[in-house]
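Okay, structure first, notes after.
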Protein chains: 2
Amino acid sequence: MKLERLTDSTRREHIVRSLRELIVSGAVPAGSRLTETQLSAELGVSRAPLREAIRELVSSGLLVSQPYKGLFVRGVSRRDLEELYSLRTTLEQMAFRECWSRRDDEALSDLDARHEKLVETTERGEDPVGAIELEMKLHSWCYELSGHRLLTDAWERIMPSLQFYFTLHQRAHSRPGPRLDAHETYVALAKGSDLAAMLAHLEEHMQQGLARTMQLLRSDAEPTET
Amino acid sequence: MKLERLTDSTRREHIVRSLRELIVSGAVPAGSRLTETQLSAELGVSRAPLREAIRELVSSGLLVSQPYKGLFVRGVSRRDLEELYSLRTTLEQMAFRECWSRRDDEALSDLDARHEKLVETTERGEDPVGAIELEMKLHSWCYELSGHRLLTDAWERIMPSLQFYFTLHQRAHSRPGPRLDAHETYVALAKGSDLAAMLAHLEEHMQQGLARTMQLLRSDAEPTET
DNA sequence: GATAATAGTATTGTCGACAATATGACAAGC
DNA sequence: GCTTGTCATATTGTCGACAATACTATTATC
């Protein structure tokens, strides 16, 4: 029997998850100023593990540290979104290529199962924020399928920012951000046999997502820079 | 006038650079076991900033942390190399695309200048390890040219591992690892006008690099796993 | 002799206090 | 009025000590 690694032993990991959740869910709005002292008091931990957790969030772009001034929750600017989408497109295309060259049918049916679960949750419509998280996990699963650890790591790094944006988006328009049909398409793509077509479709898919996103962004208040 | 930001104020940053240098240069061999206490004594700093530095190196894959056992300098396995090269190829192709769509002629001539400097240093042949570092910087410069911060970050994360391997390689065979003509080609590529050709050449270029590398690896002692 | 309990040791995880640093307000001088 | 120096304050950076944890060797027991 293989044991699932218990992920939560240390406080540092717990803090990372707590803080990420707070930011990504929008509970702490973009642009907010935080300080280590205040956080350590509120979270009930000392600053040592807190600082290590913060570094991690800074490294994934969710927080910006301005030494001796404070920590700021990073907003998602237009430019950030463009970069996020372009890098993401490149990474997912690569993931597709890797999956395609492996052709692991069993894993692909697992993908179906996961997709099914996502659809259920989303259609019930109870927990839109949770649905976004599930969508992220769906993509993560594809990366894991590729068996490419470095690639997966790269995705995991930009994922929180993406999730952050989707949640913002979701709150602003109280409509399901990510589209169900898009997921159908995505899963179908991942299972496709014509690689070139898959890549082209993915690219178009992403560009559409970005376009829709940018359009909505234009009607929002200008998001926080840096 | 725009001032360069002084990068070295804190100890954490200093430790990161010191440790990275020690590992990447091969002064601390792959597989070595390190402990926080020992390191803090040797480096003359307390464990607080040291731990933060260590996290960073773990995150970039140079160290592996085994809680309550120690820190281990990560070797570069065959599989690691494949992943490193494939991800790198994807990222550099993307960087090329971005640069190409910008067409910043001034910046491209800067690239020439940097290349010139690299050639000088390498041809003198005094400091092979330094030459590797210069090569890394040459690539970094291309990424910066792309103006894509996220992409550049992704590169900066895998760069230390790559540099690590090149240095290992260099020491093992005491021959210039990276090839000068390859740089010529690379710079020429970056300045090219036919994007599709550029991408194809880059891919071939990378595959050749990986092939040569794997061949040499086969003759080495099997590098440390995990 | 083999096995399980146990104490000892090495290592990381965490904490509270202190030092260093940057910032902003305010006063002094030109 | 504008600059410049100084000082108080807020914040991060660092430290040394202690607690928790996991590994190891030893011992006791069957």
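All chains are named by letter (A, B, ...) in the order of the sequence lines, taking the proteins before the strands, and each is independently numbered beginning at 1. Small disclaimer: the values here were computed from a predicted structure and weren't measured.
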With 3.5 Å as the limit, what N/O pairs link the protein to nucleotides 14-16 of chain D?
{"from": "dT14(D)", "atom 1": "OP1", "to": "Arg11(B)", "atom 2": "N", "distance (Å)": "2.6"}
{"from": "dC15(D)", "atom 1": "OP1", "to": "Arg11(B)", "atom 2": "NH1", "distance (Å)": "2.8"}
{"from": "dC15(D)", "atom 1": "OP2", "to": "Ser46(B)", "atom 2": "N", "distance (Å)": "2.7"}
{"from": "dC15(D)", "atom 1": "OP2", "to": "Ser46(B)", "atom 2": "OG", "distance (Å)": "3.1"}

Spacing between Tyr68(A) atom OH and dT11(D) atom P, to the nearest angstrom: 13 Å

Nucleotide dG13(D), atom C1' - distance to CD of Glu13(B) in whole Å: 11 Å

Inter-end axis angle, the helix from dG1(C)-dC30(D) to dC30(C)-dG1(D), with every axis fitted to five base pairs (rounded, 10 degrees): 10°

Residues in contact with DNA chain D, drawn from residues 35-43 of chain A - heavy-atom cutoff 4.0 Å: Thr35(A), Glu36(A), Thr37(A)

Sole candidate of Val28(A), Ile54(A), Ile23(A) that passes side-chain contact (heavy atoms from CB on, under 4.5 Å) when paired with Leu34(A): Val28(A)

Ile15(B) CD1 to dG13(D) C1', straight-line distance once rounded to whole Å: 11 Å

For the student: nearest non-hydrogen atoms of Val45(A) and Leu50(A), plus distance: CG2-CB, 4.4 Å

Exercise: do Arg88(B) and Ser161(B) side chains pair donor with acceptor under 3.5 Å: no

salt_bridge(Arg149(A), Asp80(B)) N-O dist < 4.0 Å: no

Gap between atom OG of Ser86(B) and atom NE2 of His148(A) - 0.5 Å precision: 2.5 Å

Spacing of Ile15(B) atom CD1 and Glu56(B) atom CD [to the nearest 0.5 Å]: 11.0 Å

Non-neighbouring partners of Phe164(A) that pass ring-ring contact (aromatic ring centres under 6.0 Å, His included), sequence neighbours left out: none

Separation of atom NZ in Lys69(A) from atom P in dA22(C), rounded to whole Å: 13 Å

Polar atoms only, N or O, under 3.5 Å: list the protein pairs with nucleotides 6-9 of chain D and their distances.
none

Distance, nearest 0.5 Å, that separates NE2 of His139(B) from CD of Glu92(B): 5.5 Å

Closest contact, heavy atoms only, Pro49(B) versus Arg12(B): O-CG, 4.0 Å

Gap between atoms CG and C1', on Leu34(A) and dT12(D) respectively (whole Å): 14 Å

Minimum heavy-atom distance between Trp155(A) and Leu91(A), given as atom pair plus value: N-CD1, 4.2 Å

Nearest atoms (heavy-atom pairs only) where Arg11(A) meets Gly44(A): NH1-O, 4.5 Å

Pairing of Arg79(B) and Glu83(B) as salt bridge, 4.0 angstrom limit: yes

Length of the line joining Leu50(A):CG and dT12(D):C1', which is rounded to integer Å: 12 Å

Salt bridge (Lys or Arg N to Asp or Glu O under 4.0 Å) contacts in which one or both residues fall within residues 24-46 of chain A, not counting sequence neighbours: Glu36(A)-Arg47(A), Glu36(A)-Arg51(A)

